[in-house]
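Scroll down for the structure; my scribbles are underneath it.
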Amino acid sequence: LAMMYLVQEHKLAASIGVSPGDAGAFLQKFRRELPALSQWPKTIMELLVHQGYVTTLLGWRNYYPAYFSPIWRESQAALREAGNLPIQGTAAGLFKVWLNRLNEYLRRRGQCLVLQVHDEGVAEVDDHPGLIQEVAAEMVRLGRELGEQYLSVPLVFDVSSGPTWA
């Protein structure tokens, strides 16, 4: 993702522990082989200039008036935030949709969605034979369907269970 946010050679070199020359060579190869990704900042700039906002894949909209600030640092910070929204905002939105669908399923089964911790959902499920495996399979199925619906690829969910959250 750093390349999509216009990372410079020296910053990349320091971040990954390589020489600036190696970082520069990597950035050149990245931009040559993945031109669409390296054009991401330009795409975001065009969206901001023409409409003043960017959206997530689910259609959630965020405005970035600071992009038009005469203070370069503020403008660049807004550009980075705007470039991040379609990625992180879409991931957050998809997770919320998954949680809602999971909650509906669990309620129908008399079970309970307890909480969300970052990108994890914690459910409390009765310890009946097969029920935990059934709920785990449904969690995976819901994720796969969500990915196919919005991304055209299945989302992969890791599910684990135990007697406590620990």
Side-chain angles (χ1 to χ4, degrees), residues 1-103 113 115-123 136-161 165:
L1 289 178
M3 277 63 76
M4 292 170 35
Y5 299 123
L6 301 173
V7 70
Q8 301 298 314
E9 289 177 15
H10 64 280
K11 177 75 171 177
L12 181 61
S15 296
I16 62 174
V18 299
S19 73
D22 288 345
F26 175 80
L27 288 172
Q28 286 178 350
K29 183 176 180 182
F30 173 85
R31 291 176 180 130
R32 184 176 60 251
E33 294 185 13
L34 299 168
L37 289 180
S38 62
Q39 289 297 312
W40 184 253
K42 182 179 179 198
T43 301
I44 295 299
M45 283 187 250
E46 290 172 358
L47 288 171
L48 290 174
V49 167
H50 295 303
Q51 60 192 29
Y53 63 87
V54 295
T55 60
T56 68
L57 194 59
L58 300 173
W60 300 347
R61 182 184 295 189
N62 232 20
Y63 289 85
Y64 295 90
Y67 176 70
F68 301 100
S69 170
I71 302 168
W72 183 84
R73 184 171 247 150
E74 287 180 4
S75 178
Q76 291 304 295
L79 176 60
R80 283 190 301 277
E81 289 176 29
N84 190 44
L85 179 81
I87 301 161
Q88 295 294 328
T90 294
L94 290 173
F95 186 68
K96 289 174 185 172
V97 171
W98 179 80
L99 282 175
N100 281 325
R101 291 178 183 179
L102 175 61
N103 189 48
L113 179 62
L115 63 118
Q116 169 192 350
V117 180
H118 301 292
D119 60 352
E120 296 182 11
V122 179
E138 183 66 8
M139 290 173 151
V140 170
R141 186 190 71 75
L142 288 170
R144 185 179 59 248
E145 283 183 359
L146 187 65
E148 291 168 351
Q149 178 183 354
Y150 288 101
L151 302 172
S152 74
V153 295
L155 290 175
V156 178
F157 281 67
D158 293 324
V159 179
S160 60
S161 65
W165 185 28

- Query: Taking the side chain from W98 and the backbone from G121, do they hold a donor-acceptor pair closer than 3.5 Å?
  - Reply: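 Not a single qualifying donor-acceptor pair exists.
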
- Message: Donor-acceptor pair, distance only, cut-off 3.5 Å: does the side chain of S152 make one with the backbone of E148?
- Response: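 Flag not set: sc S152 to bb E148 has no pair under 3.5 Å.
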
- Pick from T56, T90, T55: which one makes a side-chain contact (heavy atoms from CB on, under 4.5 Å) with L85?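 Only one option passes, and that is T56.
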
Quick check: do [X] and [Y] have side-chain heavy atoms less than 4.5 Å from each other?
{"X": "F95", "Y": "Q116", "result": "yes"}
{"X": "E9", "Y": "L12", "result": "no"}
{"X": "W60", "Y": "K96", "result": "yes"}
{"X": "Y63", "Y": "V54", "result": "no"}
{"X": "Y64", "Y": "N62", "result": "yes"}

What closest approach, in Å, do [X] and [Y] show between heavy atoms, and which atom pair accounts for it?
{"X": "A66", "Y": "A78", "answer": "C-CB, 3.8 Å"}
{"X": "A82", "Y": "I44", "answer": "CB-CG2, 3.6 Å"}
{"X": "S69", "Y": "S75", "answer": "O-CB, 4.0 Å"}

Separation between [atom1] of [X] and [atom2] of [Y], rounded to the nearest 0.5 Å:
{"X": "L142", "Y": "L99", "atom1": "CG", "atom2": "CG", "answer": "10.5 Å"}
{"X": "L102", "Y": "E138", "atom1": "CG", "atom2": "CD", "answer": "8.0 Å"}
{"X": "Q51", "Y": "E46", "atom1": "CD", "atom2": "CD", "answer": "11.0 Å"}
{"X": "N100", "Y": "L113", "atom1": "CG", "atom2": "CG", "answer": "9.0 Å"}
{"X": "E145", "Y": "L155", "atom1": "CD", "atom2": "CG", "answer": "11.5 Å"}
{"X": "L94", "Y": "L146", "atom1": "CG", "atom2": "CG", "answer": "5.0 Å"}

- Message: side-chain contact (heavy atoms from CB on, under 4.5 Å), that's the test. Do R61 and Y53 meet it? Break it down for me.
- Response: CA-CA 7 Å; R61 182 184 295 189; Y53 63 87; 3.2 Å; yes

